[in-house]
Amino acid sequence: MRHFTSVYDIPDLKKALEVAADVKKNRFAYQHLGKNKTMVLIFFNSSLRTRLSTQKAAQNLGMNTMVLNVGEESWQMESELGVVMDGDKPEHLLEAIPVIGSYCDIIGVRAFAKFKSREDDYSEKILNQFIQYSGVPVVSMEGATRHPLQSFADLLTIEEYKTKERPKVVLTWAPHPKALPQAVPNSFVEWMRQTDYELVVTHPEGYELAPEFMGDVKVEYDQKKAFEGADFIYAKNWSSFKSYGQILSKDFGWTVNEEKMALTNEAKFMHCLPVRRNVIVTDGVIDSKNSIVIPEAANREITAQAVLKMILEEL
Ligand code: CP
C-alpha cells in the first residue's frame, strides 16, 4: 500500500483486520520497520484522538514523529492555484508540501471540508496536492469527504464486539448546533459496504449522503423503526450534502436516548468522538454498559498502526 485515503487503498480488508489484530497483541514487535524513519503529521484542523493515536502508532513502529498545526505553528498556507498572494497567507502548498516531504518518509494530513464549495471539498484539493507534490506516502487523517482511519477502527471494534456473523448496524443522524462535514458518515458507509453486515442509515429528509458513498444502502426515515433489532447504533451528525453544508434540522427528537436503545437488540452504542452529551446522545446511553465509545477510540491506535505497518513494509 502506498497511500491511505479510503478503504479502496487496502488491497485485502480481511488481511488488514488480521494485521490489526496482530499489532494489538504485539504492539512493539515491528520497531525495525520504522527505525530511522520519520512521520510528519500536518493538522489544518483540531484533533485529540487522531493526533495522539497516529503519533503513538508511528512510535510503536519505531518511527520519529513531528507534528505541525498549520497556522498556529507555521505560516498560513495558500492552497488555491494561480492566486495573487497579496493576502494573509505567505506560503503556498506548492512549496510547503515538497519541503515537508524532504524531511520525512510518511505524511499524515488532516484537512476538513471548508464548505465554500461542494465541488472543491469533494475533489479533496488539499489531500490530493500532498499526494501529488510530497514524493512520500500520504495518510489521510480525515479529509473533506472521508475519515478512513476512524472507519477502520470502527470496523475493528464491530468485529470485536459482534455476537453474530451478520449484525444489524445502524448509522443514525443526530442533532448538533454546528454544521459538520459528511466525512465520518460517508466513510463509515463506504467501509460497512465492504462487509456483509446489514446496514441501515437513518436521518431526517434532506440529509441524504452523496450517492457515490450510499450506493444501494437502505435509508429508513423513521429512526425508531431503524433501531428495531439493531446490534450496533452508530450516531453522528452531519450537515446536508444536497443543500451543501446547511443545517436543516436541530430536532432533539433525533437524540439517541434510552427509550430508542430499548428498541434494539441490546445494541452497542458507538460514536467517533468528540460527542456533545445530551444533544447527540443522552448521558444514560453513553454512560451505559453498552456504550463502546472508549474501546472504539482506543482502537484508533491499533488501526493506525496497521496502516503504517502496511505502508512501511513497501517502502
Ligand atoms: N474521532 C476523531 O477523529 O477525533 P479527533 O477529531 O479528536 O481526532
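All values derive from a computational prediction rather than experimental measurement. Read the numbers this way: they start at 1 and go in the same order the structure lists the ligands and their atoms. Residue numbers run from 1 in the order of the sequence given.
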Which pairs would a plain distance check flag for residues 137-146, meaning a side-chain donor or acceptor within less than 3.5 Å of a matching protein atom at least two apart in sequence or in another chain?
unit_1, atom_1, unit_2, atom_2, d
Ser140, OG, Glu142, N, 3.2
Ser140, OG, Gly143, N, 3.3
Glu142, OE1, Arg110, NH2, 3.4
Glu142, OE1, His147, NE2, 3.4
Thr145, OG1, Glu124, OE2, 2.5
Arg146, NE, Glu190, OE1, 2.7
Arg146, NE, Glu190, OE2, 3.3
Arg146, NH2, Glu190, OE2, 3.0

For Tyr221 and Glu208, does a side-chain donor sit closer than 3.5 Å to a side-chain acceptor? yes
Do the side-chain N and O atoms of Lys178 and Asn237 include a donor-acceptor pair separated by under 3.5 angstrom? no
Tyr133: what forms a ring pair (Phe, Tyr, Trp, His ring centres under 6.0 Å) with it, not counting sequence neighbours? none
For the residue pair Ile106 and Met63, establish whether any side-chain heavy-atom pair is separated by less than 4.5 Å. yes
Just to be sure I understand the cut-off, which residues have at least one non-hydrogen atom under 4.0 angstrom from an atom of ligand 1? Ser47, Leu48, Arg49, Thr50, Arg110, His147, Gln150, Cys272, Leu273, Arg300
Who are the side-chain hydrogen bond (donor to acceptor under 3.5 Å, both in side chains) partners of Tyr30, not counting sequence neighbours? Asp22
